[in-house]
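Report on the structure given below.
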Amino acid sequence: MIFSGLSQLVLYPVVNRGIPNAERIPIYVQEPTNIGQFGVMAGPSEQDGFAKPFKDNLYWFSDGWVKSGDWIFLYTGSGAPKTEDIIGSKESKIYTVHWGKTQTMFANSTIVPIVFRIDAVQVGQKPGDLPQLF
């Protein structure tokens, strides 16, 4: 399967692999973009430089605009999202978000994060309500 590259975001190596409440994925924003078009998966890396995602393992950022020079730190554990100005910069920010996993994900160095862009989506129709018996 052939995929195009991502020019908007740069994925950096996982920081503090295997350390609870410290393990995080740093992502640098190269150009203004709606982060809601992106998500993160995890899976074992393969010899060809690709990775195959684990099933049922997805983080979606939700809608919001980020600018060139911003950083996103995706912690694998739980926590409250926050936004901070980068010291010495009046415009760039650090966005801290949390995946909510109960265990670290990247203690095994063969497991890597996979950032992807959603190019299209189709949502199923909502089913009609059925009469309920009490």
Side-chain angles (χ1 to χ4, degrees):
M1 193 177 293
I2 303 296
F3 294 100
S4 63
L6 294 178
S7 61
Q8 299 94 335
L9 305 175
V10 178
L11 179 62
Y12 280 77
V14 174
V15 175
N16 293 329
R17 284 179 175 269
I19 301 174
N21 302 316
E23 182 179 75
R24 63 193 175 278
I25 304 165
I27 301 168
Y28 180 72
V29 180
Q30 289 201 127
E31 58 189 71
T33 191
N34 180 349
I35 198 65
Q37 297 174 319
F38 296 87
V40 178
M41 298 179 285
S45 61
E46 298 180 352
Q47 291 179 348
D48 57 6
F50 289 96
K52 192 176 293 185
F54 293 129
K55 292 181 182 178
D56 297 333
N57 201 354
L58 167 75
Y59 178 86
W60 175 62
F61 288 105
S62 74
D63 280 332
W65 282 90
V66 290
K67 299 179 293 192
S68 178
D70 289 346
W71 282 89
I72 301 165
F73 292 141
L74 173 56
Y75 282 78
T76 55
S78 296
K82 67 180 180 179
T83 304
E84 302 172 84
D85 292 329
I86 294 178
I87 296 173
S89 172
K90 294 181 181 178
E91 295 188 17
S92 296
K93 298 194 178 300
I94 297 173
Y95 296 93
T96 301
V97 293
H98 297 81
W99 199 320
K101 295 291 189 178
T102 57
Q103 297 179 335
T104 61
M105 299 173 62
F106 300 102
N108 180 334
S109 62
T110 63
I111 307 303
V112 296
I114 305 163
V115 174
F116 65 94
R117 181 178 58 232
I118 302 168
D119 287 319
V121 66
Q122 185 176 49
V123 178
Q125 293 183 357
K126 180 181 173 185
D129 291 332
L130 298 175
Q132 301 293 315
L133 299 176
F134 296 97

Do you know which two heavy atoms are closest between [X] and [Y], and how far apart they sit?
X: Ser68; Y: Ser92; answer: O-OG, 4.1 Å
X: Trp99; Y: Thr76; answer: CB-O, 3.5 Å
X: Pro26; Y: Val14; answer: CD-CA, 4.3 Å
X: Gly100; Y: Ser78; answer: CA-OG, 3.7 Å
X: Glu31; Y: Val29; answer: O-CG1, 3.3 Å
X: Leu6; Y: Val115; answer: CD1-O, 3.6 Å

_With a 6.0 Å cut-off on the ring centroids, do Tyr59 and Phe61 count as close?_
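When the ring centroids of Tyr59 and Phe61 are compared, they turn out to be within the sub-6.0 Å range.
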[X] with [Y], same ILVMFWY side-chain cluster at under 4.5 Å:
X: Ile94; Y: Leu74; value: no
X: Val10; Y: Ile114; value: no
X: Val66; Y: Leu11; value: yes

*Quick one: side-chain contact (heavy atoms from CB on, under 4.5 Å) partners of Leu58, sequence neighbours excluded?*
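By the side-chain contact (heavy atoms from CB on, under 4.5 Å) rule, Leu58 matches Met41, Phe116.
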*Return the set of residues passing side-chain contact (heavy atoms from CB on, under 4.5 Å) with Asp85 (not counting sequence neighbours), or none when no residue passes.*
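Testing Asp85 for side-chain contact (heavy atoms from CB on, under 4.5 Å), a comparison that skips the adjacent residues, returns Lys93.
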*Does CD1 in Ile87 sit with more than 12 non-hydrogen atoms of other residues, nucleotides or ligands closer than 6.0 Å?*
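No.
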[X] side-chain N/O to [Y] backbone N/O, donor-acceptor pair under 3.5 Å:
X: Glu23; Y: Phe106; value: yes
X: Trp71; Y: Ile27; value: no
X: Asp70; Y: Lys67; value: yes
X: Thr33; Y: Gln8; value: no

*Could I get the full list of side chain to side chain donor-acceptor pair (under 3.5 Å) partners for Asp48, not counting sequence neighbours?*
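Applying side chain to side chain donor-acceptor pair (under 3.5 Å) to Asp48 gives none.
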*For the residue pair Tyr75 and His98, does the interplanar ring angle fall in the parallel (under 30°), tilted (30 to 60°) or perpendicular (over 60°) class?*
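Geometry flag for His98 against Tyr75: parallel rings.
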*Evaluate side-chain contact (heavy atoms from CB on, under 4.5 Å) for Val97 paired with Ile72, printing each intermediate quantity in order.*
CA-CA 7 Å; Val97 293; Ile72 301 165; 4.2 Å; yes
